[in-house]
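Only a predicted model underlies this, so the values are computations on that prediction, with no experimental measurement involved. Residue numbers start from 1 in every chain, and the chains themselves are labelled A, B, ... in the order their sequence lines are given, proteins ahead of strands.
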Protein chains: 2
Amino acid sequence: MVSREYNSKKFITPDGYASDIAVFTITSESNGQYKPPIKFLKIMLIKRSNQDHEGNPNIEAGKWALPGGFVRSNETAFQTAERKLYEETGVGGLRIKHFGVYDSPGRDDRGWILSNAHYVIANEEFLKNRKTTKDASDIQLLTIEDALEINLAFDHRKIIDDAIWFIKKDMALTTLAKHFLPKEFVLSELQGVLLTVLDDPSIKTDAAFFRKAPTLPFLEAVSENGKLKKSNRYSKTPAQLYRFNDFQPITSVYSKKLKG
Amino acid sequence: MVSREYNSKKFITPDGYASDIAVFTITSESNGQYKPPIKFLKIMLIKRSNQDHEGNPNIEAGKWALPGGFVRSNETAFQTAERKLYEETGVGGLRIKHFGVYDSPGRDDRGWILSNAHYVIANEEFLKNRKTTKDASDIQLLTIEDALEINLAFDHRKIIDDAIWFIKKDMALTTLAKHFLPKEFVLSELQGVLLTVLDDPSIKTDAAFFRKAPTLPFLEAVSENGKLKKSNRYSKTPAQLYRFNDFQPITSVYSKKLKG
DNA sequence: TTAACAATTAACAAATTGTTAATCAAGGGG
DNA sequence: CCCCTTGATTAACAATTTGTTAATTGTTAA
């Protein structure tokens, strides 16, 4: 397969090509009946076991790490991400997005190992339904604050830092919020998700947000048999349910007012 | 270096890790004196020689390809990009940005070879000053249209397609335009650059663009000894010179009107 | 002197925003 | 069953921005 021309240069080649996945979710904690819950941004991490499958001591054992694994020669890192996500956490069918490559020499004591990093957003309900393929202590949802405090394997702290930066950006610029929410949701839920990840004053003020939201081209009010569908899940007053449609908004710094 | 534990799995490892760079520039073609020039978005490609440095037949010989090369085990792909860009095209000091990884099995006949893809924006003047490290026929600036029509090596067509998508996005969302322009420029130059890459009606209408531009937080009028500095390079009427400052604008789809 | 023309400015209606103050529609206590 | 409370919306209005079309200005070339 590898040609003579290429081999003759005696290049040193990588010792491994890994695919890692930062799985984010927002968990809700009830704040009393008929009140919007308190939300926390969390990341799914796994604890590296002391031994590998063959019983040999595992590198970075005992530390927390992003789920992931080595890419096989007949698949892409993207496919590896799908596969490992399902194998290790039992979740499937989520939108996976590449956001960076980590290839600093020395990042992995085993040798020259590259990591192709992805992120995934899962809504709470989705994660609840996951199969428990490993015992619970292995997989944990940690708040971002906690995750960045504990002892993380390899350069996963840097990877998580970057991943957070990317989801913030995508949350502001795309309809990423949809992946944190159920199909149909109430405006306060959307607002809660946005505020958990972003820090945009124009989202904070209720009146402005509630007036603008219904006009956003990527949101639509849900109706059922001709009349608007409402929900009481977080308020006594029935609140209108919304869903995301397929509109892909784009913005530009050269039009409309900016904040920075 | 590679531990027993790891080796014992007999993983197949990649046969090579490459770094490729899509270098974009906008060339100006005079449209008559005192007129804004016509601009074209171009990409720098190199023609793969028939033999490699050692005289062996080269893979994908004769085809056009992105400049780039194999990452060494003691550097990152980013550093490779800097090094190869300088070696092959004589340009240095440009802002290089990662945008994707190409790792489909079979993308390179030599084996399992990954490409870490970057893009770079160079302004015309900068490229003019480049050292000619290779004979001219080897390196060419092609318009995007031409580049996508010719026979490109490996999966470089896909890489270029993606790179274009990324620069469009970054052009709209960041002050990327600054890299296409000289330090000080006239509004019609900025407008020309934006229209060459983007297709935003609000930029097209002169009156709107000229009225809004001076208020953009990331632009500032240039003055010299207390008075505003003007230029006649593209008009009889002296036009105000502007420069980008360090303001990093951010936008959000949840505020301000959208287009999509 | 004047026609031409890019670069601004002006002017004004239409659309969006920020803000503060009403309304509305239950659930729960009395 | 009548209020009180609390989110969820609406209303009301002033302040900003934008889209458009119509002037103005400064300079070169005929």
Side-chain angles (χ1 to χ4, degrees), chain A residues 28 30-39 184-192 194-195 200-217 219 221-223 227-242 249 251-259, chain B residues 28 30-39 184-192 194-195 200-217 219 221-223 227-242 249 251-259:
Chain A
S28 303
S30 176
N31 190 24
Q33 220 191 351
Y34 299 116
K35 272 189 196 315
I38 304 173
K39 290 173 184 289
E184 301 180 352
F185 52 87
V186 144
L187 288 186
S188 65
E189 287 181 277
L190 171 59
Q191 188 185 30
L194 294 175
L195 289 176
D200 186 330
S202 85
I203 293 168
K204 262 189 202 116
T205 62
D206 278 25
F209 183 74
F210 280 90
R211 183 187 44 181
K212 184 164 23 186
T215 72
L216 293 173
L219 287 185
V222 181
S223 30
K227 56 177 176 296
L228 294 170
K229 193 171 171 191
K230 313 254 177 179
S231 160
N232 280 70
R233 59 186 131 174
Y234 299 127
S235 65
K236 297 166 184 168
T237 313
Q240 178 60 47
L241 285 168
Y242 288 85
T251 38
S252 161
V253 297
Y254 295 100
S255 27
K256 322 307 163 192
K257 207 180 69 180
L258 309 173
K259 299 152 302 177
Chain B
S28 301
S30 176
N31 190 22
Q33 221 189 350
Y34 298 115
K35 272 188 195 316
I38 304 173
K39 290 173 182 289
E184 301 181 353
F185 53 87
V186 143
L187 289 185
S188 65
E189 288 181 278
L190 171 59
Q191 187 185 30
L194 295 176
L195 289 176
D200 186 329
S202 85
I203 292 168
K204 262 192 200 112
T205 62
D206 278 26
F209 184 74
F210 280 92
R211 181 187 44 183
K212 184 166 22 188
T215 73
L216 292 173
L219 288 184
V222 180
S223 28
K227 56 177 178 295
L228 295 169
K229 193 171 170 190
K230 313 255 178 179
S231 161
N232 282 70
R233 59 187 133 176
Y234 299 128
S235 65
K236 297 165 184 169
T237 313
Q240 178 60 48
L241 284 168
Y242 288 85
T251 39
S252 161
V253 298
Y254 295 99
S255 28
K256 322 308 163 188
K257 205 181 70 181
L258 308 173
K259 300 151 304 181

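The nucleotide whose nearest atom lies closest to any side-chain atom of A:Arg211 is, among C:dT20, C:dA7, D:dA12, D:dA12.
B:Leu241 places its CG atom 18 Å from the P atom of C:dA6, with the value rounded to the nearest Å. Computed from coordinates, the A:Leu190 CG to D:dA8 C1' distance equals 14 Å when rounded to whole Å. Counting to the nearest Å, the P atom of C:dT8 and the OH atom of B:Tyr234 are 14 Å from each other. B:Lys212 has its NZ atom 18 Å from the P atom of D:dT16, to the nearest Å. Atoms CD (B:Glu189) and C1' (C:dA7) sit 13 Å apart, rounded to a whole Å. Between the P atom of C:dC5 and the CZ atom of B:Arg233 lies a distance of 23 Å, rounded to the nearest Å. Remark: P of C:dG27 and NZ of A:Lys230 are 15 Å apart, rounded to the nearest angstrom. Remark: C1' of D:dT17 and CZ of B:Phe210 are 19 Å apart, rounded to the nearest angstrom.
Nearest approach of A:Phe185 to A:Arg233, heavy atoms of both residues: CA-NH2, 3.7 Å. The heavy-atom pair separating B:Val253 from A:Leu216 by the smallest distance is O-CD2, 3.7 Å. Closest approach of B:Leu194 to A:Tyr254, counting heavy atoms only: CD2-CE1, 3.5 Å. Considering all non-hydrogen atoms of both residues, A:Phe210 and A:Ser188 come closest at CZ-N, 4.1 Å. Here the closest heavy-atom approach between residue B:Pro238 and residue B:Lys230 is recorded as CB-CB, 3.7 Å. The shortest heavy-atom contact between B:Phe209 and B:Leu187 is CE2-O, 3.6 Å.
When the side-chain nitrogen and oxygen atoms of B:Lys35 are compared with OP1 and OP2 of C:dC5, none of them lie within a distance under 4.0 Å.
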Canonical and wobble pairing (Watson-Crick, G-U, under 3.5 Å) of DNA chain D, dot-bracket with |: ||||||||||||||||||||||||||||||

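A:Ala239 comes within contact range of the sugar-phosphate backbone alone, with a heavy-atom separation under 4.0 Å but no base atom that close. If you check every strand for non-hydrogen atoms under 4.0 Å, A:Ser188 touches sugar and phosphate atoms only.
A:Gln240 contributes a side-chain N or O that, together with a main-chain N or O of A:Lys229, makes up a donor-acceptor pair within less than 3.5 Å.
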Could you write out each protein N or O paired with an N or O of nucleotides 24-30 of chain D at a distance under 3.5 Å?
{"unit_1": "D:dG26", "atom_1": "N2", "unit_2": "B:Thr237", "atom_2": "OG1", "d": "3.0"}
{"unit_1": "D:dG26", "atom_1": "N3", "unit_2": "B:Thr237", "atom_2": "OG1", "d": "3.2"}
{"unit_1": "D:dT27", "atom_1": "O4'", "unit_2": "B:Lys236", "atom_2": "O", "d": "3.4"}

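For the pair B:Ile203 and B:Leu195, the minimum side-chain heavy-atom distance is below 4.5 Å. Annotation: side chain of A:Leu228 is not in contact with side chain of A:Val222 (no heavy-atom distance under 4.5 Å).
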